[in-house]
Amino acid sequence: LSDRDLFAQVEGGGLDAAFAELPLGEGSFDSRQLMVDPLRLLVHADSPLARRTTTPSLREIAAQPLVANTAWRMQELVEAEMRAAGGHPERSFAASTNAAVQAMVGAGLGVAIMPRLAIDPDDPTTEAIDLGHVFGPRTLVLYWLRDRRGSEALEAFCDAARDVCAE
C-alpha cells in the first residue's frame with residue numbers, strides 16, 4: 001500500500017531495489033528518476049469546484065473537507081503546503097487505499113489531493129482537476145542502497161523501468 005516499509009527492506013538487504021517517490025526516506029540511497037506524475041484535486045462530479053474555469057488556491061482547497069490517504073507518504077507534505085499558504089485543512093475521512101479515497105470523494109464526503117496515476121479516470125462520480133501551478137508533480141524513482149555495487153541485472157532493470165515509464 002505504501003513505499004514507507006520498503007526503505008528498511010532495501011537498507012537491510014531484503015530487497016535489491018524498490019520504487020518510491022521523492023523525497024526518499026532516510027538512508028544512504030542512490031536513485032534513478034523514472035517519471036513525474038502530476039497531482040490532481042479530486043472532487044465529486046457535481047461539485048462547484050468541478051465546474052470552475054480556474055484552479056482553486058491552496059486556501060480554497062484547505063477550506064474543503066479533506067479525504068486523506070494515510071498510506072501515502074506525501075499526504076503530510078501536501079497538508080503542510082496548505083497550512084503554509086494560510087489554509088487549515090481538516091481531515092473529514094481517511095483511508096489507506098487510493099480506491100477507497102476516490103470512493104469517499106465520489107460519495108461527496110470531501111475532496112482529495114492525489115497523484116494522477118492513483119486516480120481511476122473512468123469513475124463517473126469524481127472529477128480530477130489539474131493542480132500544476134498549485135502543487136508540483138511527484139517524482140517517481142527506482143532506488144537502491146548506495147554502498148551496494150551496481151549489477152548488470154539492476155542496470156537492465158533500471159533501463160526497462162525507465163522505458164516503460166516513458167511510454
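These values consider heavy atoms only, across backbone and side chains, with no hydrogens, waters or symmetry-generated copies.
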Backbone N/O of V36 and side chain of T139: donor-acceptor pair under 3.5 Å
no
Strictly below 4.0 Å, N to O, side chains only: are E127 and R51 in salt-bridge contact?
no
Taking the side chain as C-beta and beyond, is there a heavy-atom pair between W72 and S96 under 4.5 Å?
no
Can you confirm whether the side chains of T126 and Q102 place a donor and an acceptor under 3.5 Å from each other?
yes
Supply the atom-to-atom distance M114 CE to Q75 CD, rounded to the nearest 0.5 angstrom.
9.5 Å
Do you reckon M104 sits in the same ILVMFWY cluster as L42, going by side-chain contacts under 4.5 Å, direct or chained?
yes
What's the shortest heavy-atom distance between L41 and L131, and which atoms?
N-CD1, 3.4 Å
Is it the case that more than 12 heavy atoms not belonging to R162 sit under 6.0 Å from its CZ atom?
yes
Taking atom OG of S31 and atom CG of L142, what is their separation to the nearest 0.5 Å?
8.5 Å
Tell me, yes or no, whether the heavy-atom count around D5 atom CG, taken from other residues, nucleotides or ligands under 6.0 Å, exceeds 12.
no
Would you confirm whether R91, through its side chain, and P65, through its main-chain N or O, come within 3.5 Å as a donor-acceptor pair?
no
Looking at L58, L77, V134, which one forms a side-chain contact (heavy atoms from CB on, under 4.5 Å) with M82?
L58
Heavy-atom side-chain proximity of Y143 to D30 below 4.5 angstrom
no
L66 versus A112, closest heavy-atom pair with distance
CD1-CA, 4.3 Å
Which pair of non-hydrogen atoms, one from G27 and one from E11, has the smallest distance, and what is that distance?
CA-OE2, 3.8 Å
Show the nearest heavy-atom pair for residues I129 and P56, with the distance to one decimal.
CG2-CD, 4.4 Å
With side chains defined as the heavy atoms from C-beta onward, is the minimum distance between V111 and V105 less than 4.5 Å?
no
Is there a continuous path of hydrophobic side-chain contacts, each under 4.5 Å between heavy atoms, that joins F93 to I119?
yes
Pairwise distance SG(C158) to CD(Q33) - rounded to 0.5 angstrom:
12.5 Å
Gap separating the CG atom of L49 from the OG1 atom of T55, nearest 0.5 angstrom:
10.5 Å
Before accepting this row, confirm whether a basic side-chain N of the pair R83/E90 lies closer than 4.0 Å to the acidic partner's carboxylate O.
no
Nearest 0.5 Å, please: how far is CZ in R138 from CG in D37?
4.5 Å
Do F7 and F29 pass the ring pair (Phe, Tyr, Trp, His ring centres under 6.0 Å) test, and can you show the C-alpha distance, the side-chain angles, and the key distance before you say yes or no?
CA-CA 9 Å; F7 295 104; F29 302 112; 5.7 Å; yes
Closest non-hydrogen atom pair between T125 and G106, with its separation
OG1-CA, 3.3 Å
Should the pair R32-E155 be classified as a salt bridge under the 4.0 Å nitrogen-to-oxygen rule?
yes
Please determine whether salt bridge (charged side-chain N to carboxylate O under 4.0 Å, His left out) holds for the pair E26 and R4, giving the CA-CA distance in whole Å, both sets of side-chain angles, and the decisive distance to 0.1 Å.
CA-CA 10 Å; E26 291 184 24; R4 281 187 181 107; over 6 Å; no
Compare all side-chain heavy atoms of D16 with those of W144 and state whether any distance is below 4.5 angstrom.
no
Let me check something: do M74 and L140 share a hydrophobic cluster, defined by ILVMFWY side-chain heavy atoms less than 4.5 Å apart, either directly or through other members?
no
Atom CG in L39, atom CG in D130: separation rounded to 0.5 Å?
9.5 Å
Quick test of your reading of the model: are E60 and R52 salt-bridged, counting only N-O distances below 4.0 Å?
yes
Treat each ILVMFWY residue as a node, draw an edge where side-chain heavy atoms are under 4.5 Å apart, and state whether F19 and M35 are in one component.
no
Side-chain (R73) to main-chain (E21) donor-acceptor, under 3.5 angstrom:
yes
Would you say L117 and I113 are hydrophobically clustered, going by side-chain heavy atoms of ILVMFWY under 4.5 Å?
no
Write down the atom of A20, the atom of L24, and the distance for their closest heavy-atom approach.
CB-CD2, 3.9 Å
